[in-house]
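Below is one structure, written out as structure tokens; the observations come after it.
Labels below follow one simple rule: chain letters A, B, ... track the order of the sequence lines, proteins then strands, and each chain is numbered from 1. A quick note: this is a predicted structure, and the numbers were derived from the prediction, not measured.
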There are 2 protein chains.
Amino acid sequence: MPDEQGHPELAEMELGKVLSALADPLRRLVVRELAAGPEGEARTCSSFALPVSKATVTHHFRALREAGLIRQVDRGNSRMATLRRADIEQRFPGLLALLVAEDTQDV
Amino acid sequence: MPDEQGHPELAEMELGKVLSALADPLRRLVVRELAAGPEGEARTCSSFALPVSKATVTHHFRALREAGLIRQVDRGNSRMATLRRADIEQRFPGLLALLVAEDTQDV
DNA sequence: TCCCAGGTACGACTTGCATCGTACCTTGTC
DNA sequence: GACAAGGTACGATGCAAGTCGTACCTGGGA
């Protein structure tokens, strides 16, 4: 399968889809952990240990990818996810900061 | 009925509820118009001319109010809605700017 | 006083979404 | 080659959310 599958371009990112993607607490958790990690960090879907089934994990990562928040590339056996930090910051400046600040509260 | 009905305090605003409220395009439109208007502007629900029924308008304004984005006070015949600009800016700095910037794109 | 306009409450309907089980594919390992 | 692990695809299910019609309440105006 091709690498570019459901990754919107920078200009194609829509605020509505981004907000809908971030309305789910599990997806916010993924973005927050990626944003708190080092720049360009690549993690597998399973490394987040989400308390849901594999099929649901795939569903959530698809939502994040189609919103333009993460980029997924195949690396051998796994599919690595990276945060599109620069794209998000350019298109929606300050958005990531709001998400990172949430971990000081309850989820 | 009391004035304070479903208006969360500043510390009670939750990012999840705010993002869920802003995931709907009609509710984003309301917030965007209020944010683009002058500070403290009070408008009636019907002044937005949303393309939905009266009952649905009430539903959307309730969502905005319970998320903490607007404040509604009775003024005689109507119920005026004002944007909680300072509260939003203090709790989620930069969020309103993202919404205002959306009107340059498609909805 | 009568009526209309602005909003709300309630119930119903429909769509979308989060979730899961299962089957299947791919890759790396033994 | 056989097998386990990481992900995906598909179908099904249950619940939340958007939408509406209707009835109702409250003020203001003719």
Next on the checklist: Please determine whether a side-chain nitrogen of the Lys or Arg among B:K17 and B:E66 lies less than 4.0 Å from a carboxylate oxygen of the Asp or Glu.
Outcome noted: no
Item to check | A:R27 side chain vs A:A21 backbone, donor-acceptor pair below 3.5 Å | outcome: yes
Item to check | Under-4.0 Å side-chain N/O to phosphate OP1/OP2 contact, A:R79 with D:dT8 | outcome: yes
Checklist entry - Backbone N or O of A:G94 within a donor-acceptor pair of the A:E89 side chain at under 3.5 Å? => result yes
Checklist outcome for this item: Readout for nucleotides 17-30 of chain C: B = base within 4.0 Å of protein heavy atom, S = sugar-phosphate only, - = neither; 5' to 3' it is -SBBB----BBS--
Next on the checklist: Rounded to whole Å, how long is the line connecting atom CZ of A:R62 with atom C1' of D:dG6?
Outcome noted: 16 Å
Next on the checklist: What is the separation between atom CZ on B:R43 and atom P on C:dG7, rounded to the nearest whole Å?
Outcome noted: 11 Å
Next on the checklist: Once side chain to side chain donor-acceptor pair (under 3.5 Å) is applied, do any residues pair with B:D24, and if so which ones, sequence neighbours excluded?
Outcome noted: none
Checklist entry - Do A:R79 and A:Q72 have a side chain donor and acceptor closer than 3.5 Å? => result no
Checklist entry - Do any N or O atoms from the side chain of B:R84 and from the backbone of B:I88 form a donor-acceptor pair under 3.5 angstrom? => result no
Item to check | Length of the CG-P vector between A:L64 and D:dT8, whole Å | outcome: 12 Å
Checklist entry - At under 4.0 Å, does any side-chain N or O of A:T58 touch on OP1 or OP2 of D:dA9? => result no
